[in-house]
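No experiment lies behind these values; they were computed from the predicted model shown.
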Amino acid sequence: MNTSADPFVAAAFKLCSAMMPPARSEWLHAMHIEATYIDGRFQARAFALGCCWGCLKERMSTMEFVHKAARLAMTLGMLALGIVAALSAWRVADDHGPTGLVFALLSIAFLASGLWSCVRGPAAVVQAASTMLIVSAVSFVALHSSIGEDWFNLHLYRALSVEGILIWGVLLGGALFLKPAKPVAA
Amino acid sequence: MPRQPNNSPQTRAVLAALLGGGGDWRHGYDLMRETGLKSGTLYPILIRLTESGLLEAEWRQAVPPARAPRHAYRLTAQGRAFAHAAAQREMAPRSREALQ
């Protein structure tokens, strides 16, 4: 079965072409052609998704992510949000333990991401932001399903998940696309 | 501590698969199936190996020729030496364990 016409595969490679550094376009072409040789729609889709991840890694390894100032601002922003969340946790912990715990976890996530970005450099912003974006998105879906219907402060948790998607989405988008990829030796 | 380049278990698996191919040209999907690696792991490794001169990549005519040419890979002489050395490094601790 020829999977080259599969819209999912086509969309995945369109995303790949947006992420792959131009100097490595031949590799992207190689991946795309390889996908057409794979029998089975599921296998071709899995292959294409993997290629998206590979292209993202290539972009991370070759790009000048952001100007140093923007990177510093992102890191400081994460640390500041961590402190705000820690203060919120401290204030609400006595009134409502679970809410305090949610804020404490948020604080840990922000502070750990900020510190991770300081220690490991620009690629860490992408790693931290993509991880937290997934966590926020999963929380958003879970909180809008029947799981948390009877929870106290459900609206607050939902708002926090939306806020998380926005904050981490902006951080990820900023880290990936503020600065174009550095040309790499072919 | 910085990692040694081209020394991850995944890279060693790719090198072993290419070495086992006996110098034949291999395709990305074949290597994926043999090593169990995902495409998102395999292709960055192939790129690194090619850029460091351990691997050569070439567009090869497909069979049947009506289909688009396909990217194929094989180790260079330097790559074969590197892959042999990596395989020996991996075997050495096992041999020591077997002797104990």
Item to check | Pairs involving residues 78-91 of chain A, ordered by first then second residue, that meet side chain to side chain donor-acceptor pair (under 3.5 Å) (sequence neighbours left out) | outcome: none
Checklist outcome for this item: Turns out that what part of B/Thr41 lies under 4.5 Å from chain A's heavy atoms comes down to both
Item to check | Interface residues of residues 24-34 of chain B facing chain A - heavy atom cut-off under 4.5 Å | outcome: B/His27, B/Gly28, B/Tyr29, B/Met32
Checklist entry - Any chance the rings of A/Phe47 and A/Trp53 have centres within less than 6.0 Å? => result no
Next on the checklist: Less than 4.5 Å to any heavy atom of chain A: does that hold for the side chain of B/Leu42, its backbone, both, or neither?
Outcome noted: neither
Checklist entry - Which heavy atom of A/Ile33 sits nearest a heavy atom of B/Pro69, and at what distance? => result CG2-O, 3.4 Å
Checklist entry - Given a cutoff of under 4.5 Å between side-chain heavy atoms of I, L, V, M, F, W and Y, with clusters grown through shared members, what are the other residues clustered with A/Leu101? => result A/Leu105
Checklist outcome for this item: On a heavy-atom basis, the closest approach of A/Leu15 and A/Cys52 is CD2-SG, 4.1 Å
Checklist entry - How does the hydrophobic cluster around A/Ile108 look, that is, which other residues are in it when side-chain heavy atoms under 4.5 Å mark a link? => result none
Checklist entry - Centroid-to-centroid, B/Phe82 to B/His84, below 6.0 Å? => result no
